[in-house]
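Here's the structure, in structure tokens; my notes come after.
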There are 2 protein chains.
Amino acid sequence: MRPSPSLRQLRYFVAVAETGNFRRAAERCGVSQPSLSLQVAGLEEILGARLISRGRGKIAPTVVGREVLTRARRILDETNALVDLAADIATGLTGMVRLGTSPALGPYFLPGAVSALHRAHPDLKLYVREAPPRRLLQELERGEHDMILTQLPVAGADLQAVRLFREPLLLVVPVRHPLAKREAVREADLAGLSLLSMGPDYVLHEQVAALCANVGAHLEQAYEGTSLDALRTMTAMEMGICLLPALYVASEVARGPGDVRAVPFAGGRVARSVGLVTRRRGGNERAFQRLTEVFRDVARSRGADGLRAES
Amino acid sequence: MRPSPSLRQLRYFVAVAETGNFRRAAERCGVSQPSLSLQVAGLEEILGARLISRGRGKIAPTVVGREVLTRARRILDETNALVDLAADIATGLTGMVRLGTSPALGPYFLPGAVSALHRAHPDLKLYVREAPPRRLLQELERGEHDMILTQLPVAGADLQAVRLFREPLLLVVPVRHPLAKREAVREADLAGLSLLSMGPDYVLHEQVAALCANVGAHLEQAYEGTSLDALRTMTAMEMGICLLPALYVASEVARGPGDVRAVPFAGGRVARSVGLVTRRRGGNERAFQRLTEVFRDVARSRGADGLRAES
DNA sequence: AATTTCGATTGGAAATTCCTATCAAATGCG
DNA sequence: CGCATTTGATAGGAATTTCCAATCGAAATT
């Protein structure tokens, strides 16, 4: 099994082939001529072929040498490009980021966010994958995502989270429901009512459960939504009422069949926090910063939907 | 100015990224885990970016790491291919050979020879350039050709020559010349006649000059041919008679306008030697051997033209 | 003939890469 | 829960690689 050539050997050989002179090649490479001579000889030994035809005043690459020269140049160029590329990616301006996101969030926020990101950093690519938030966290910890967009809070000592924005939750009731006529509701108005919720894999579930316990509403356990659309449909069928995020309401209820009504809470105090999460020491800090900045900008531009961006 | 990564570092990094475990990567590379760990850390230092996100049971490439991984693999593959390629070329089975040839020889021998060479070694490419034999030799010594096809003998301590074949020279006279009716001539028949020759850049010139001196013929100095065609034309115009090589005669006289006749010498003792020449220690020995073998085979197949191949 | 230039060789120094041993932290198992 | 195992990093010393200056022999130049 032959040893592999080193980049150093390739560099020295290319310099000899290009200058046609060992002494000048050595100067160019910043080493002494004997060192360079020995490295080129070592390369010839490894490859089992004479690469340079030597004679006084008659230095030239051989047949083998010329082919090796072409390839060596390519390898060296690619290595230089690798160094340049790493520097670019490390600034967070290029590369591919694997973003995990919750289906209760991603589809309603990311379309605008992705195009804004592309405008700001055209060489930064996003690979987006959805999973319920509990699974998202596990996958992040396992290295399957570089970062995730999800509702806060998240638990994990090894995780780093930043808040992007607060998003109001709206009460969604059937159109014939008594609360449908209200311009706004208060938490206390939920007392004694039956609330539908997402499954326990969602932070939203916990938030709704806590609210029910707090105001004396009933959290419906027999039926759980597997998506926000499912919740909306069950509400329209008068199986209960539910809380839906503002972005979803703006996207799917405002333009829906009109069988439900979304009523905001007075003061907008019922809201969820949405953030970006990554692993500490995950090596993606720059990209994380870039996404944070862009996503906060996007949230800022969605003030009309009730989003309150973190500054 | 940053140092350049080494292939060793790239290899170790790829092994970590592929195995997802430093210990197993080290085993794969045949070094101890701390050595491997330090090299990967060194690579991260050089590139200025974290390539591997480390956590217990949570090893994964970062955004940067994934791009670097793709490129590192390519660089390593190309380096392996370089080693394989050098081995192939060194066997003389592939690569490009720069062949210099005399215009008084190449056009009449090489068409058949090149196709035979291509059949025997499809990956071996020939780059053919013509120059008068004196210039050919200088260019060979200067490394502008890898080898040359030319008439022997050649002088040069740094050169290595093999004879491919002996090629008879035929007397070419105008059709109305007294010797035109002969089936064969002897050297002594040239006594007192005026012979045309190529210029002094050609070995053929020296051979004809020596023959004239030997048999008492007159070497015409006022006119010299710049090509074999020019010699034939001057002979047709009765400016003298000349000696032309058998391959040329077979190619251009037998099928020409019939204004000259080619008469062989009895016993075929007037002949030129044709050989292949390269620089000693030029590094092209294998390719040189390959061409020698193939060209001798081709010469063997041209026995009807009077060629006597070297065995 | 004397001097300069070139690539190779030699001996020793410096730098790089390696090893073993060990540590600290996390995980797995009984 | 306590102990054993596993993992990647750290430290000290050894081995290997790469370097340097000096020198050599041969060729080219003056």
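Within every chain, numbering begins at 1; the chains are lettered A, B, ... in the order of the sequence lines, protein sequences first and strands thereafter. Values below: all heavy atoms of this structure, side chains included; hydrogens, waters and symmetry mates excluded.
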Q: Report the residue from Arg163(A), Gln151(A), Gln207(A) that forms a side-chain hydrogen bond (donor to acceptor under 3.5 Å, both in side chains) with Ser273(A).
A: Arg163(A)
Q | Ser102(A) (side chain) donor-acceptor with Pro133(A) (main chain) under 3.5 angstrom | A | no
Q.
Between Glu44(B) (side chain only) and Ile52(B) (backbone N and O only), is there a donor and an acceptor less than 3.5 Å apart?
A. yes
Q. Quick one: Leu7(A) CG to dT17(D) P, roughly how many Å, whole number?
A. 17 Å
Q) Parallel, tilted or perpendicular: which fits the ring planes of Phe165(A) and Phe109(A), with parallel below 30° and perpendicular above 60°? A) tilted
Q) For the side chain of Thr278(B) and the backbone of Gln160(B), is there at least one donor-acceptor N/O pair under 3.5 Å apart? A) no
Q: Taking Arg279(B) for its side chain and Leu140(B) for its backbone only, find out whether a donor-acceptor pair lies under 3.5 Å.
A: yes
Q) Looking at CZ of Arg129(B) and CD1 of Ile148(B), how far apart are the two atoms once the value is rounded to the nearest 0.5 Å? A) 12.0 Å
Q) So, does Thr19(A) use its side chain to make a donor-acceptor pair with the main chain of Ala15(A) at under 3.5 Å? A) yes
Q) In residues 23-31 of chain A, what residues come within less than 4.0 Å of DNA chain C, judged by heavy atoms? A) Arg23(A)
Q: Rounded off to whole Å, could you give me the CD1-to-P distance for the Ile52(B) and dT7(D) pair?
A: 16 Å
Q: Rounded to the nearest angstrom, tell me the gap between atom CG in Leu36(A) and atom P in dC6(C).
A: 14 Å
Q) Can you tell me how far the CG atom of Asp84(A) sits from the OG1 atom of Thr79(A), to the nearest 0.5 Å? A) 11.0 Å
Q. Considering only heavy atoms, which members of residues 11-21 of chain A lie under 4.0 Å from some atom of DNA chain C?
A. Asn21(A)
Q) Rounded to the nearest Å, what distance is computed from the CG atom of residue Leu43(A) to the C1' atom of nucleotide dT18(D)? A) 15 Å
Q) Under 4.0 Å between a Lys/Arg side-chain N and an Asp/Glu carboxylate O for Glu78(B) and Arg74(B)? A) no
Q: Look at the side-chain N and O atoms of Arg8(B) and state whether any lies under 4.0 Å from the OP1 or OP2 oxygen of dC18(C).
A: yes
**Q.** Salt bridge Arg98(A)-Glu139(A), side-chain N to carboxylate O under 4.0 Å
**A.** no
(Q) Distance check needed: dT18(D) P versus Gln9(A) CD, whole Å only. (A) 6 Å
Please write out the pairs of protein N or O atoms and N or O atoms of nucleotides 8-10 of chain C separated by less than 3.5 Å, giving the distance to one decimal.
{"unit_1": "dA8(C)", "atom_1": "OP1", "unit_2": "Arg54(A)", "atom_2": "NE", "d": "2.5"}
{"unit_1": "dA8(C)", "atom_1": "OP2", "unit_2": "Ser37(A)", "atom_2": "OG", "d": "2.2"}
{"unit_1": "dA8(C)", "atom_1": "N7", "unit_2": "Gln33(A)", "atom_2": "NE2", "d": "3.1"}
{"unit_1": "dA8(C)", "atom_1": "N6", "unit_2": "Gln33(A)", "atom_2": "OE1", "d": "3.2"}

